[in-house]
Amino acid sequence: MIELPISYKKRMQRLLGEDFERYQKTFERPASRGFLINTAKISEAKFDEISPFPASPVPYLSNGRYLLSDEKVGGNVLHAAGLFYMQDPGAMSAVAALPSIGEKVLDVAAAPGGKTIAAALSSPASFVVANEIDFKRAKILSQNVERLGLKNVGVTSLSPADLGKYAKETFDLLICDLPCSGEGMFRKEEAALTAWNEGINRMNEARQKEILRAVLPALKEGGKLLYSTCTYAEEENENIVDFLVSEMGLTVIRPREEILPYTAPGVGSYDRFDASFCRRFYPFISEGEGQFVCLLEKPGEKLYAQKSIPPSISANERKKILSFTDEYINGPIGEISKCGDQYFAVHPLARTIPLRFLAEGVQIGEIVKGRFEPHHNLFTAFGADFKNKEDLPLSDPRVNEYLYGLEIDGNSAADGYVAVCAGGFPLGGGKRAQGRIKNKYPKGLRNAKL
Ligand code: SAM
């Protein structure tokens, strides 16, 4: 049984009043689990039909599911195929609070990628810049986006100050899911509980204000800001909303109706905004871990001209890449751009965002010794359009052999590059010769056992 610090308990008693007992009882149950269906690859109905584990719908987000089992799902083939992303149902309430998402979105603190993925899937016409200041975490974020094969996400690793400075008035929506004291995670993450101390809320409050002040110039006039944390402290929640309203000139707006029955109104009384528009997700109201959500708007409405920077690659590079993609992929892959040695299929909106990307879209590959070599991401994003496929039934032992990194028999594909699929869903690439497929599944992703 989790033992809460006495001073924390006192704070929560003051905050929750008679609901405190219900809150304490939630520690007798394990943290709930959930996932998002990757609707860029599979319909919700089809996923529910083939789902290898029991799940039920999250009522406020159509591709959200409660996972009704405590089994490990990371090693599952549908996970490797990027058909779902694990996300706590409480965290889902943040993107679910948005009535609309807008064209250009900046997720300011995005790793490991939950809110970015939820937003990119909820609004396929949007382009989401997933930013993470910590470079190691930005790499994890990139891998998650890559596994899901999302074409409308780019990844950056910049400070809030640089985002505000270099991308002035660029975004229609900022998602600010900021570092916090994590009180809503105590059931799930022991580290959050052990790190808690009496000064932590004020420390986070100061950091949250600093981040918001720095990044707000990146928001367009009339643009929206989704503020969220996974903590309960008023200092880090309603107080921050008050700061955004009083000092930054934003207005609090109504969240989407669907989340109201599963959340409680904000606490405290504020002159400049209606605290009931802030929403608090508690595990004693709905299944999931703690979350705070508030939607705000920047005043004004300006028309913005969209200047697009053309990607610069040489005619020779383009020819080599197109000779590969024309041979192997049905349909165009879009604009191609280069970053370092790597080529990317870029989303058109990415070219209107003046930031230095780690990944400007789908990483398609590089030219090695004069020949184009495809990257794993090309298969995760465009594998379904590959002309040459080895499509294995989900129960075929070659699926596990492939995910383990072995060479497999290629019975249906032709020689050359192959998209290796399971049940029709691309897992990665390979190269077939003489009836065998050489494994191109990245070493870092391979399963540890057969
Ligand atoms: N939005 C993510 C998701 O849904 O998966 C979770 C984000 S987590 C709550 C907060 C993130 O803020 C962390 O990845 C952390 O590295 C980052 N962070 C920490 N300090 C920061 C700072 N000063 N400026 C910007 N981001 C920061």
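For ligands, and for the atoms within them, numbers begin at 1 and follow the listed sequence. Along the sequence shown, residues are numbered consecutively beginning with 1.
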**Asked** Of all the atoms in ligand 1, which lie at a distance below 4.0 Å from a heavy atom belonging to D177?
**Response** 1 (N), 2 (C), 3 (C), 4 (O), 6 (C), 7 (C), 9 (C), 10 (C)
**Prompt:** Looking only at N/O atoms, are D107 and ligand 1 under 3.5 Å apart anywhere?
**Reply:** no
**Message:** Can you tell me if A91 contacts ligand 1 (heavy atom of the residue under 4.0 Å from the ligand)?
**Reply:** no
**Message:** Any nitrogen or oxygen of I211, side chain or backbone, less than 3.5 Å from one on ligand 1?
**Reply:** no
**Message:** Using 0.5 Å steps for rounding, measure from the CG atom of L427 to the NE2 atom of H79.
**Reply:** 12.5 Å
**Request:** Enumerate the atoms of ligand 1 whose separation from the nearest heavy atom of A110 is less than 4.0 angstrom.
**Result:** 1 (N), 2 (C), 3 (C), 5 (O)
**Prompt:** Among E210, Q87, E132, which residue places a heavy atom closest to atom 14 (O) of ligand 1?
**Reply:** E132
**Request:** Examine L178 against ligand 1 and note whether any of their N/O atoms are separated by less than 3.5 Å.
**Result:** no
**Asked** Is the Y441 ring parallel, tilted or perpendicular to the Y402 ring (thresholds 30°, 60°)?
**Response** tilted
**Message:** Between T380 and N377, do the side chains contain a donor N or O and an acceptor N or O under 3.5 Å apart?
**Reply:** yes
**Prompt:** Numbering the atoms of ligand 1 from 1, which are under 4.0 Å from a heavy atom of P112?
**Reply:** 5 (O)
**Message:** Within the structure provided, determine whether L158 and F357 are in side-chain contact (heavy-atom separation under 4.5 Å).
**Reply:** no
**Fill in**
If you compare L163, I133, L158 by their heavy atoms, the one closest to atom 27 (C) of ligand 1 turns out to be I133
**Request:** Taking the six-membered ring for Trp and the full ring for Phe, Tyr or His, determine whether the centres of F386 and F379 are under 6.0 Å apart.
**Result:** yes
**Prompt:** Between R137 and ligand 1, which residue portion shows a heavy-atom distance shorter than 4.0 Å: side chain, backbone, both, or neither?
**Reply:** side chain
